[in-house]
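Each remark here refers to the structure printed beneath this line.
Letters go in sequence order (proteins before strands), and every chain restarts at 1.
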Amino acid sequence: MNFQILDADYVREDKGPVIRLFGRGEDGRSVCCFVPGFEPYFYVNTKSDPGSAGELLKERFSSAIKKVEIVNKFEPVGYQVSPKPMLKVTTYDPGNVPEIRDEIAGIPAVKEIYETDILFRNRFLIDRELHGMGWISVEPSSDSSPDQRLYCDDVITASSIEEIEKLSNAPLKYLAFDIECLPLGGSLPMPETSPIIMVSLSFSPAFEGYGSLVLVSKPVEGVSDNVETFASEADMLNRFFEVFQQYDPDIVGGYNILDFDIPYIVDRVSILNDPVNTVRPVTGRDGRLLSYRKIGTRTMVSMPGRVVVDALPLIRSQFSLKRYTLRNVAKELLDMEKLDIAPSEMEEHWEDSGEKILRFIDYAQRDSELALELFMRLRLLDKYIAVSQVSGSLLQEVVDGGQTSMVDNLLLREYGKRDRVIPPKPSDDEVGFRNLSSEGLKGGEVLEPKKGLIENIIIMDYKSLYPTIMMAHNLCYTTVVEKDRPQGETIKPPSGGEFVSAEIFKGVMPTILENLLNRRIETKKRMKGASSEEEHRVLDATQLALKILLNSFYGYSGYTRARLYSLPLANAVTSFGRENIINTRAIINGQINKVVLRDSKVLFTEEVDVPRAGDRTVSLSVVYGDTDSVFVQCTSKTPISLDDAGLVGSRIADTVSASLPDPMELEFESIARRGIFLAKKRYAIWVFERAGNEWKDSIKVKGMETVRRDWCELTSKTLNRVLELILKEGNVEAAVSHVRQVVDRVRNIDVRKDKDIIDDLTMTRMFSKNASRYKNKQPHLTVVEKIEERTGAPPAVGERIPFVITAGKDLFVNRAEDPEYVREHNIPIDVDYYIKKQVLPPVERILDAFGVDISNLDYDSKQKGLFDFSDRPREPAVNNRKKREEKPSGSSPSARSQSSLFDF
DNA sequence: TCCACCACCTAG
DNA sequence: TGAGCTAGGTGGTGGA
């Protein structure tokens, strides 16, 4: 029998722990597979003779410890010539391990204890070389059949398990749900007082022919046939859990279900069950009841055999949006409208028996449909499934957790194969110590940009810079010289320290990275020959997962809560990176300096013995770079075609790559016809990228206000237009005139007449911590306070708060106001603020690059400035350009490119 | 007026 | 957005 591993856990039986693997088969049947015979264990490093220490442990813990063996293991960190004897302690029960560990820790002969905090199910997957979302082939054993009541199509016991390769996913079943509560008097619903009145469910694939189902807790006439009505809330909830188990979903999803729907249902059920049990919220494949745990502000839900996924956090981390309400997310990402009923009108709709209640039902249905659409249409889980397969962690862990557990998982697998033990997660004290004693981790190098307008830029970047540095220089926990000294030369990073070369000992991490990198190259190759769209999608997700994992190791090494934290290692990586980008600049500016184009060939100066007619010289100069990228300006007396620039780019990239150790590689990316560079990490370019035989152009904006969520839409729109006019059309005059129009329009805003403009004036900022922790006033905090005052329900920490600035004499922060409130009460907007502080400064920074003298500008409406052309000829930009052209070439950074700006 | 500081968000 | 990292720009505020 073949199936894909969705989840795993264990149960205790008489003979010992038994692993349970949950999954779905290629035939579409859900499976629970019991695997007996796997035992928990951990390692102990002793101060003296391990033999006698082992005897001591066996005696002291005879009821818990099954056996103690002496094994040869390397310690986690540092190059070591040979392993040392340690104790491998096998216990009867995984649950006892923490307790035994704590007692053993007190024994004087014990130096260190390793791998006691690896979850039993993970230990199993790692040791058996199985992976989350991996396919396995199971040989069922005939003699024993598990008798537990499980909510699965098939229940088997395995006699053997083998991982198999399969490109597609099993036909996974998705269920998304959403509840509606009845807020009494328009206030926030609380489980104690507000009943759940509807539950809406959406299915993929359909459930008994229905794509969605709405359960309603009171009788309603005239509903469509995917609506079921009940006499009570309890009846409705019981039906919900019944449908849940009948459908038997693999993925249980929704929007904000972790922070709202699931806790609400659980709390409500316990209230309904108070004197007598009337509702049984069975949701786990093992029959477990729905429950949740709060860890800090985070809600954890465990549903054995299934995977619970809240779309909200996933969308937050993957898409940069101004707001993450379901309404906005559906609009931005799905181009779908959420139906809406204001909380204050819900009671009225609910009490109605005609059109209003039917509308309310539609509204409920739409919410679960939207949630399901987010999963299906955005293919939200593809990436997580692939990361699970590649890292080996279970899907639930990948979805819930960060990069740490994935890296841990990969390290555990490879450390195990190399006979190395892994240290435990650091205690809070240890983390505190690490934070305090850290002299700091230095990051990447950012080259000062040549500011202003620049034409013909070759953009190149290093492919996976940090991972390739680790591979190239064998940087690893296991290669740091701090215990034994190796023979011969060592690798000395610019940051100091020493690492053993790969010839003497190849590091564990470089080995893992090499595997990941090779698999990625292989996967990309297979993508080209993919036989179906589905196969292509799976392979694409896989290569993306490999990239994510490749890039996770560096961050992990500098993360103070990581099992394997190493500042010397992390600093070695970045120091090589900084050295590398500076060397790259030196090679391009100095060694290469210029190239000659001859018959579609790129020649270096030393390759040109006799100049020929038609030779074109292109001078090269690095004008910007950030961590792993270089931007090279090309100057030539004749225009340079995209193809020629591409050839030059490839030749440079190849030349630089050849000077570097494998697998470091500089890659040609794209060509920018024009770019405006304002500061480090702030620029806009008109780029051309190769797409087959074509060049595809686009404008890319980095760091500037158009991509920042704390600026208003008016700013983004205006700036985008200005950038487009300047970059694509070279039309500064038109840009200035556009700004003038915008300013005019803003001056004449009448909030009462033009409510839509409020959307364009709205800024958002994240409410990032509790109000009391803010040292300074903040505009969005003002709004949070106002909302709390008005409704009693302040937005939650972590939400993005929209606000506009209203007119008045008070301090800026105090004039921030909720856009909704402004709309309803026709509150005047601070027009001056929007012109002077929102629209003009970003535009000025750009026009400044054209030498427009802004020092005399006065934007006050009464005095006419550059942007108020009403009684002034609109020529400043043009005049300015002429002035600049008269200057000798080279006297100003943008002078030369300026002259060609309008000829292009 | 200048500067240090907080806060935010972004680049990579 | 409660768990990978640092570098860097910009705006508002309040005190020197």
For this session: Quick one: label A:Gly798 by what it contacts on the DNA or RNA (base, sugar-phosphate, nothing), any heavy atom closer than 4.0 Å.
Result: base

For this session: Please work out if A:Val813 contacts a base, only the sugar-phosphate, or nothing of the nucleic acid, heavy-atom cut-off 4.0 Å.
Result: sugar-phosphate

Problem set entry | C1' spacing across the pair C:dG4 / B:dA7, given as an integer number of angstrom | 22 Å

Exercise. Any salt bridge between A:Glu689 and A:Lys700, counting N to O under 4.0 Å?
Worked result: yes

For this session: In whole angstrom, give the distance that lies between atom NE2 of A:His780 and atom C1' of C:dG12.
Result: 13 Å

For this session: Would you mind checking if A:Asp428 and A:Arg561 are paired as a salt bridge, meaning a charged N to carboxylate O distance below 4.0 Å?
Result: yes

Problem set entry | First encountered from the 5' end of DNA chain C, between A:Gly444 and A:Ser768 | A:Ser768

Exercise. Between A:Asp428 (CG) and C:dG2 (C1'), how many Å, whole number?
Worked result: 13 Å

Problem set entry | A:Arg800 side-chain N/O to B:dC9 phosphate OP1/OP2 under 4.0 Å | yes

Exercise. Between A:Thr404 and C:dG4, is there a side-chain N or O to OP1/OP2 distance below 4.0 Å?
Worked result: yes

Problem set entry | A:Phe803 backbone acceptor or donor facing A:Thr762 side chain under 3.5 Å | no

Exercise. Which whole-number value in Å describes the distance from A:Arg434 CZ to C:dC5 P?
Worked result: 12 Å

Seminar exercise, completed: Between CD of A:Glu705 and C1' of C:dG11 the distance, given in whole Å, is 11 Å

For this session: Scan A:Tyr462 against the nucleic acid and name what it touches under 4.0 Å (heavy atoms): base, sugar-phosphate only, or nothing.
Result: nothing

For this session: Answer yes or no: does a side-chain N or O of A:Tyr774 lie under 4.0 Å from OP1 or OP2 of B:dC8?
Result: yes

For this session: May I ask you to say what A:Gly402 touches in the nucleic acid, namely base, sugar-phosphate or nothing, with a heavy-atom cut-off under 4.0 Å?
Result: sugar-phosphate

Exercise. Rounded to the Å, how far apart are A:Phe812 CZ and B:dA7 P?
Worked result: 15 Å

Problem set entry | Nucleotide nearest A:Lys680 (side chain, heavy atoms from C-beta), chosen from C:dG9, C:dG12, C:dC5 | C:dG9

Exercise. Base, sugar-phosphate, or nothing: which does A:Arg845 touch, judged by heavy atoms less than 4.0 Å apart?
Worked result: sugar-phosphate

For this session: Looking at every strand, decide which applies to A:Lys681 at a 4.0 Å heavy-atom threshold: base, sugar-phosphate, or nothing.
Result: base

Problem set entry | A:His473 and A:Phe576 aromatic centres sub-6.0 Å | yes

For this session: Tell me what A:Phe767 touches on the nucleic acid: a base, only sugar-phosphate, or nothing, going by heavy atoms under 4.0 Å.
Result: nothing

Problem set entry | A:Tyr559, nearest nucleotide to its side chain (from B:dC8, B:dA7, C:dG4) | C:dG4

For this session: Select base, sugar-phosphate, or nothing to describe what A:Lys777 touches, counting heavy atoms under 4.0 Å on all strands.
Result: nothing

Exercise. At under 4.0 Å, does any side-chain N or O of A:Tyr624 touch on OP1 or OP2 of B:dA11?
Worked result: no

Problem set entry | A:Asp408 and A:Arg563 ion-paired at < 4.0 Å | yes

Problem set entry | Separation of atom NZ in A:Lys769 from atom P in B:dC9, rounded to whole Å | 11 Å

Exercise. To the nearest Å, how far apart are A:Trp711 CH2 and C:dT10 P?
Worked result: 9 Å

Exercise. Do the two ring centres, one from A:Phe677 and one from A:Phe631, sit under 6.0 Å apart?
Worked result: yes

For this session: For A:Val707, answer base if it contacts any base atom (sugar-phosphate contacts may also be present), sugar-phosphate if it contacts only those atoms, and nothing otherwise; contact means non-hydrogen atoms under 4.0 Å.
Result: sugar-phosphate

For this session: Under 4.0 Å between any heavy atoms, over every strand shown, what does A:Gln778 touch: base, sugar-phosphate, or nothing? Just pick one.
Result: sugar-phosphate

Exercise. For C:dG12, does OP1 or OP2 lie under 4.0 Å from any side-chain N or O of A:Lys837?
Worked result: yes

Exercise. Of the nucleotides B:dC9, C:dG4, C:dG11, which has the atom closest to the A:Asp710 side chain?
Worked result: B:dC9

For this session: Check every strand shown and say whether A:Tyr466 touches a base, only sugar-phosphate, or nothing at a heavy-atom separation below 4.0 Å.
Result: nothing

Exercise. Between the base of B:dC9 and the side chain of A:Arg709, is there any donor-acceptor pair under 3.5 Å?
Worked result: no

For this session: Indicate, with yes or no, if the rings of A:Tyr565 and A:Tyr559 have centres closer together than 6.0 Å.
Result: no

Problem set entry | Value in whole Å for how far the C1' atom of C:dT10 lies from CZ of A:Arg765 | 10 Å

Exercise. How would you label the contact of A:Leu465 with the nucleic acid (heavy atoms, under 4.0 Å): base, sugar-phosphate, or nothing?
Worked result: nothing

Exercise. Between A:Asp830 and A:Arg815, is the closest basic N to carboxylate O distance under 4.0 Å?
Worked result: yes

Problem set entry | Sugar-phosphate, base or nothing in reach of A:Gly443, heavy atoms under 4.0 Å | sugar-phosphate

For this session: Consider the side chain of A:Asn776, meaning its heavy atoms from C-beta on, and name the nucleotide among C:dG12, C:dG14, C:dG4 that approaches it most closely.
Result: C:dG12

Exercise. Does A:Lys702 put a side-chain nitrogen or oxygen below 4.0 Å from OP1 or OP2 of B:dG12?
Worked result: yes

Exercise. Base, sugar-phosphate, or nothing for A:Lys425, non-hydrogen atoms under 4.0 angstrom?
Worked result: nothing

